[in-house]
K.L.:
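Mind looking over this structure? Questions follow.
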Number of protein chains: 2
Amino acid sequence: MAQDSPTRLGFVLLGILGGGPRSGYDVPTLFSSTPMAHFSDSPGSIYPALRRLERCGWIRPVQSRQPQPSKRRLFTVTPQGLSKLKLWLRQPVRRAEVIHSLEELQLRYVFTYELSGAVAAVRFLAEMERAIQAYLQEPRSFLASVRPQMHLGGRLAIEQGIRWTRRARNELRKEEA
Amino acid sequence: MAQDSPTRLGFVLLGILGGGPRSGYDVPTLFSSTPMAHFSDSPGSIYPALRRLERCGWIRPVQSRQPQPSKRRLFTVTPQGLSKLKLWLRQPVRRAEVIHSLEELQLRYVFTYELSGAVAAVRFLAEMERAIQAYLQEPRSFLASVRPQMHLGGRLAIEQGIRWTRRARNELRKEEA
DNA sequence: GTATGCATGTAATACGTTACATGATTGT
DNA sequence: ACAATCATGTAACGTATTACATGCATAC
């Protein structure tokens, strides 16, 4: 069932629409040159995803009062969709996400910032940092014994995450001041 | 055609087998707790991918001389597969990869290290850093004007990349000494 | 009125995911 | 003999990808 478990692209669309009414055509222009675009910017993925969200009742089309602004079909997040979005954003940061999808965590950070502001974003980054630290302190001895080089590569890849969270928190603090 | 364009998982498998004969069962144990596992560690993805690679002639089964070591089917990279792997690793680092798949670049770094050693890995990191720098110096003015916050998030996400490459290069230099 | 870009959509395909199924091996 | 783990495999499903198609603007 797509009823209760939209894909990552679905949540991305939801997050974008959370910032105001957008059309499907806006999505690639907003994300294609951003390092958060791990999905294709092709219409073949976006429009079906929008229709899925609409079927779930998470978004709805909104007719613009403007005098026929071409064919653009704008969508907004419904109250139900907003609560689902918040649920996604406020999910606890799990070990599996730290390992497999650091990028999804970054996406959640961005949308938390936009939806709830800098304070909430800083809180999220702190939780993210805790989770990454916890993972880094695991033994992982079997990896070290099997392939030391791979261990090095993996460790470096994950350590970038914690550096990023620290950096992001500093930037946010500067902005608040 | 899967003949000439294997998926990312295909290259990952190729890279793993490049380090010596492995079985399909080895893959999840090598990668599941590593931040390079953006694919599922389930057999439903790995075994079909192995068969695709075998059909392409990039890998081949190798019968172990050991006295019937259970049912493990070991694979090795064929000469043709090795040249394809090297082609993938030595691909120039493009702007699109910096934006959309930093993780694939990290994978290529790891396998470059294993296949060609530290010197080649450092060279790759240098190229990666150049590409990231070039992207960071682009104007990206439209993003800044539309959604300043998103701009911040995106910039932070990409800047992690360059920090990581620098860090990795330092680690490698220490190791050489 | 022809071309170019805007904006949405569809069809074929292949891949990953999830869940289930199977046989061999080891231990007790 | 029985259970648990090892190791491989299959089937159903949904979704991303790629490429193509459509209609409407606006400009020249």
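These numbers were taken from a predicted model, which means no experiment stands behind them.
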K.L.:
Given C:dT8, is OP1 or OP2 found less than 4.0 Å from the side-chain N or O atoms of A:Y25?
P.N.:
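So the side-chain polar atoms of A:Y25 never come under 4.0 Å of the phosphate oxygens OP1 or OP2 of C:dT8.
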
K.L.:
On a heavy-atom basis, which atom in A:L53 and which in A:L14 lie closest, and how many Å separate them?
P.N.:
CD1-N, 4.4 Å

K.L.:
Keeping the roles fixed (side chain from B:E97, backbone from B:R94), state whether a donor-acceptor pair exists under 3.5 Å.
P.N.:
yes

K.L.:
May I have the distance from B:F75 (atom CZ) to D:dT8 (atom C1'), rounded to whole angstrom?
P.N.:
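My rounded result for the distance is 10 Å.
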
K.L.:
Would the distance check show the side chain of A:S45 and the main-chain N or O of A:S42 forming a donor-acceptor pair, the cut-off being under 3.5 Å?
P.N.:
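A pair under 3.5 Å: yes.
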
K.L.:
So does B:A120 get a backbone contact from the side chain of B:T112, meaning a donor-acceptor N/O pair under 3.5 Å?
P.N.:
no

K.L.:
Could you check how far OH of B:Y47 sits from P of D:dT8, rounded to whole Å?
P.N.:
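That distance rounds to 4 Å.
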
K.L.:
Need the bend value for the helix from C:dG1-D:dC28 to C:dT28-D:dA1: angle between end axes, 5 pairs each end, nearest 10°.
P.N.:
10°

K.L.:
Can you give me the N/O atom pairs linking the protein to nucleotides 16-21 of chain C at distances under 3.5 Å, or say none if there are none?
P.N.:
residue : atom : partner : partner atom : Å
C:dG16  : OP2  : B:R52   : NH2          : 2.8
C:dT17  : OP2  : B:S40   : N            : 2.7

K.L.:
What distance separates A:R108 CZ from A:L89 CG, expressed to the nearest 0.5 Å?
P.N.:
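Going from the CZ atom of A:R108 to the CG atom of A:L89 covers 7.0 Å.
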
K.L.:
Under a 3.5 Å distance rule, please check whether A:S116 uses its side chain to pair with a backbone N or O of A:Y113 as donor and acceptor.
P.N.:
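Checked: no pair found.
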
K.L.:
Could you check whether A:R60 pairs with A:E54 (Lys NZ or Arg NE/NH1/NH2 to Asp/Glu carboxylate O, under 4.0 Å)?
P.N.:
no

K.L.:
For C:dT8, take OP1 and OP2 only and decide whether either is under 4.0 Å from a side-chain N or O of A:R51.
P.N.:
no

K.L.:
Partners of A:S23 by side chain to side chain contact (heavy atoms under 4.5 Å, CB included), sequence neighbours excluded?
P.N.:
A:Y25, A:D26, A:R72, A:L74

